[in-house]
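The next block holds one structure in the form of structure tokens; read it before the comments.
These numbers were taken from a predicted model, which means no experiment stands behind them.
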Amino acid sequence: MHQFIAQHQEQIVGVLSGFDRVVFRGTLRPIAYAEGMRRYLRATHVLLKDFGRHVEEVSNRLKEASLAQARALGRPVTYLASSQTDKDALVRRLMAADGITRGLVGVLSCVEPCQSFEMRRDRDTQKLVVETRYRKCLFLYHYWVHPVLGFMNARIQTWFPFAIQVCLNGREWLARQLEATGLRYVRRDNCFPWVEDWATAQRLLDRQVRAHWPKLLDGIAGQLNPIHAALFRAYPLHYYWSTYQSEWATDLVFRDAAPLRRLYPRLLHHAMTTFGSADVMRFLGRRLLLSGNVPPRFAGEAVSALKQREEGIRIKHSVNGNSVKLYDKAYTPVGNVLRAEATLNNVADLRVYRPKEGDPDGALAWRVMRRGIADLHRRTEVSRKATERYLDALAGVDDDTTLDELLHRLGRPTQWHGRRVRAFRPFGADDRALLAAVSRGEFTLNGFRNRDLQRLFFAHPTTTRHEGRRRSARVSRQLRLLRAHGLIRKLAGTHRYQVTTSGRKAITALLTALRATVRQLTPVAA
């Protein structure tokens, strides 16, 4: 991200990076499976034959308690015939009509699929057994303007095992913090094209990650079901909180609309035509081979797609349910937002440095990331780095220099330490392969060595010392060619090289042009 900001520092006036949409789920884990439910029934002295009567009684008590506050405040309780109804839009219209700015807005109820339990008589043993079943039941959606979390909603399943889902927006949270601090801001949907003090706003947004989420979420659960403790007095249960889905957004605010409108189509074109599967996996923190290729054991797929939205075009790169995307979010007189966003739905492919589950004092190791909020800090880190890698990969897109000017500069011989160096020939097979090699994603951070390029240029390892020297000398001549034309530089005190800022822009432009089809170039020429 720092490279992208440096490239456009004259236009970028502010940066905000933090959670956008986050969905938490609360589970009563001890009764979330059939054997746990049987234990609960034994502990509460409920016979299997009385299962139906008991769960219906508990469900009715929960529904009455959950709706009590809405009825006491005179807020509407609305039943929806279809679960596909846009609930947020319905509630926002209600807020505007009633002038609600804080507290409970209303409750929506609808029947939706859920995982629950069913009593069945076993054909072989002729005994009753409890089994997990997918069925339908009533869900209650509570909508609030929360004093800390802002506009949000939470739903509770009104049948065992009473799962909870909490959906909130990180920018809503920031708006409440800015108001509490007295900072002025302009808001468009869920982004901020202008803030009085960007640095302070980012510090406030950083606090979100360190919030005491179990306490906040337990408080919401208490409002959904105020009689939870009474219902489970004989068998105490507590909610286990996990992150079902998270969206991390990095907003770069441009001072003027014209530069962003001019730059954005070029960013889309570059991202669609240049980034391959390995690049997308690298953005999202997936491991690659030392060669930079996708591991052969990788069973998923990496997909890049464009989507036309009402506001404009959005590009999205996905790997196994996780994605990174880019879109121009808002154009206003006070600021214009370019947003890079990372969405994590599947964390099974990601790792976190932690002890083994159930052994907090055990040895630390890189283990599979959990959905539980104990690993929320690592989810934050992966999401933030994904957007930063993506933006830095786009830093080389130059919106001013023409391809003709670039080719003219590189197409002339130059001097290196008093010796003539030939012109660069990007349309030649050898020089084109050289550009592709040094711009590989795995060389972005630590650079590359002579031996790294040898592995790419030669299919088989050398078998003789003479052949090794010949290969090393050939690559050295290619490195001298790149250095003479200012495309790479040598890292002091090492044998490594790194692409320069101007070199990355030049290489990106050349490779994009070389990979573009005639169909893609024709509209530009017209």
Side-chain angles (χ1 to χ4, degrees), residues 17-33 36 115 141-142 144 146-157 161-174 176-177 204-225 228-229 232 236-249 284-285 321-323 341-362 364-387:
S17 187
F19 279 124
D20 187 30
R21 182 173 181 268
V22 187
V23 179
F24 294 105
R25 284 190 170 176
T27 308
L28 298 175
R29 297 176 83 179
I31 61 169
Y33 59 104
Q115 180 176 304
Y141 284 79
H142 289 238
W144 296 282
H146 194 278
V148 175
L149 303 174
F151 179 75
M152 59 158 293
N153 73 79
R155 76 175 192 188
I156 186 167
Q157 176 180 322
F162 307 121
I164 288 177
Q165 180 169 292
V166 179
C167 183
L168 52 92
N169 190 286
R171 268 39 179 187
E172 284 279 344
W173 188 94
L174 177 60
R176 293 295 175 275
Q177 299 298 310
L204 293 173
L205 199 52
D206 290 340
R207 292 180 186 174
Q208 191 177 76
V209 180
R210 302 190 297 271
H212 196 318
W213 286 109
K215 183 178 180 180
L216 281 170
L217 296 171
D218 283 342
I220 294 170
Q223 292 180 277
L224 290 172
N225 180 13
H228 175 87
F232 297 103
L237 296 172
H238 302 281
Y239 279 99
Y240 172 82
W241 295 104
S242 58
T243 311
Y244 174 65
Q245 183 188 84
S246 65
E247 294 177 351
W248 182 276
L284 290 167
N322 300 329
S323 66
E341 186 173 284
T343 301
L344 297 187
N345 297 321
N346 175 20
V347 296
D349 294 336
L350 303 174
R351 296 292 181 268
V352 58
Y353 197 61
R354 63 174 177 85
K356 188 182 294 186
E357 182 85 16
D359 184 17
D361 299 323
L364 298 177
W366 286 103
R367 308 181 193 276
V368 174
M369 187 188 297
R370 301 162 293 188
R371 287 187 178 273
I373 56 176
D375 288 348
L376 185 62
H377 67 288
R378 175 59 177 166
R379 177 186 285 260
T380 299
E381 184 181 17
V382 171
S383 301
R384 176 178 56 79
K385 287 185 176 180
T387 60

Original post:
Can you name the nearest heavy-atom pair linking Ile31 to Gly36, along with the distance?
Top reply: CG2-O, 4.0 Å
Original post:
Is the backbone of Asn346 close enough, under 3.5 Å, to the side chain of Asn322 for a donor and an acceptor to pair up by distance?
Top reply: yes
Output side-chain donor-acceptor pairs under 3.5 Å for residues 207-216, partner residues at least two apart or in another chain, one line each.
{"residue": "Gln208", "atom": "NE2", "partner": "Gly170", "partner atom": "O", "Å": "3.2"}
{"residue": "His212", "atom": "ND1", "partner": "Lys215", "partner atom": "N", "Å": "3.3"}
{"residue": "Trp213", "atom": "NE1", "partner": "Gln208", "partner atom": "O", "Å": "3.1"}

Original post:
For Arg378, which residues count as a salt bridge (charged side-chain N to carboxylate O under 4.0 Å, His left out) partner, sequence neighbours excluded?
Top reply: Glu381
Subject >> Arg371-Thr243 side chain donor-acceptor pair, cut-off 3.5 Å >> reply: no
Subject >> Results of ring pair (Phe, Tyr, Trp, His ring centres under 6.0 Å) for His228 - residues two or more places apart only >> reply: Phe232, Tyr239
Original post:
In Å and rounded to the nearest 0.5 Å, what is the CG to OH distance from Leu224 to Tyr141?
Top reply: 11.5 Å
Original post:
Closest approach of Trp144 and Ala154, non-hydrogen atoms and distance?
Top reply: CZ3-CB, 3.7 Å
Original post:
With sequence neighbours excluded, what pairs up with Ser323 under the side chain to side chain contact (heavy atoms under 4.5 Å, CB included) test?
Top reply: Lys316, Ser318, Thr343
**OP:** Measure the CD1-CD1 distance between Ile156 and Ile164 for me, rounded to the nearest 0.5 Å.
**Re:** 4.0 Å
**OP:** Scan side-chain atoms only and decide if Trp248 and Ser17 contain a donor-acceptor pair under the 3.5 Å cut-off.
**Re:** yes
**OP:** Carefully, step by step, assess Phe162 and Leu237 under the rule side chain to side chain contact (heavy atoms under 4.5 Å, CB included).
**Re:** CA-CA 11 Å; Phe162 307 121; Leu237 296 172; over 6 Å; no
Original post:
For the atom pair CG (Asn153) and CD1 (Ile220), what is the distance rounded to the nearest 0.5 Å?
Top reply: 10.0 Å
Subject >> For Ala249, side chain to side chain contact (heavy atoms under 4.5 Å, CB included) partners two or more places apart >> reply: Asp20, Arg171, Asp251, Arg339, Glu341
Original post:
Nearest 0.5 Å, what's the SG-CG distance between Cys167 and Leu149?
Top reply: 11.5 Å
**OP:** Could you check Leu168 against Phe24 for side chain to side chain contact (heavy atoms under 4.5 Å, CB included), going step by step and ending with a plain yes or no?
**Re:** CA-CA 9 Å; Leu168 52 92; Phe24 294 105; 4.1 Å; yes
**OP:** Measure the spacing between CD of Gln115 and CD of Gln157 and express it to the nearest 0.5 Å.
**Re:** 8.5 Å
Report all side-chain donor-acceptor pairs from residues 347-355 shorter than 3.5 Å, counting only partners two or more places apart or in another chain.
{"residue": "Asp349", "atom": "OD2", "partner": "Arg286", "partner atom": "NH1", "Å": "3.2"}
{"residue": "Asp349", "atom": "OD2", "partner": "Asn320", "partner atom": "ND2", "Å": "3.2"}
{"residue": "Arg351", "atom": "NH1", "partner": "Ala348", "partner atom": "O", "Å": "3.3"}
{"residue": "Arg354", "atom": "NE", "partner": "Val368", "partner atom": "O", "Å": "3.3"}
{"residue": "Arg354", "atom": "NH2", "partner": "Val368", "partner atom": "O", "Å": "2.9"}

Original post:
Mind checking what makes side-chain hydrogen bond (donor to acceptor under 3.5 Å, both in side chains) contact with Tyr244, not counting sequence neighbours?
Top reply: none
Subject >> Contacts of type salt bridge (charged side-chain N to carboxylate O under 4.0 Å, His left out), residue Glu247, not counting sequence neighbours >> reply: none
Subject >> Working for side chain to side chain contact (heavy atoms under 4.5 Å, CB included), residues Leu217 and Val166 >> reply: CA-CA 8 Å; Leu217 296 171; Val166 179; 4.2 Å; yes
Original post:
So which heavy atom on Leu28 is nearest to which on Pro161, and how close?
Top reply: CD1-O, 3.6 Å
**OP:** Quick one: which residue pairs count as a side-chain hydrogen bond (donor to acceptor under 3.5 Å, both in side chains) with a foot in residues 21-32, not counting sequence neighbours?
**Re:** Arg21-Gln245, Arg25-Gln165
**OP:** Could you note down all residue pairs passing salt bridge (Lys or Arg N to Asp or Glu O under 4.0 Å) where residues 147-156 supplies at least one of them, sequence neighbours left out?
**Re:** Glu112-Arg155
Original post:
To the nearest 0.5 Å, how far apart are NE2 in His142 and CD in Gln223?
Top reply: 9.0 Å
Original post:
Who pairs with Trp173 by ring pair (Phe, Tyr, Trp, His ring centres under 6.0 Å), at least two apart in sequence or on another chain?
Top reply: none
Original post:
With sequence neighbours left out, what residues match Arg370 under salt bridge (charged side-chain N to carboxylate O under 4.0 Å, His left out)?
Top reply: Glu357, Asp375
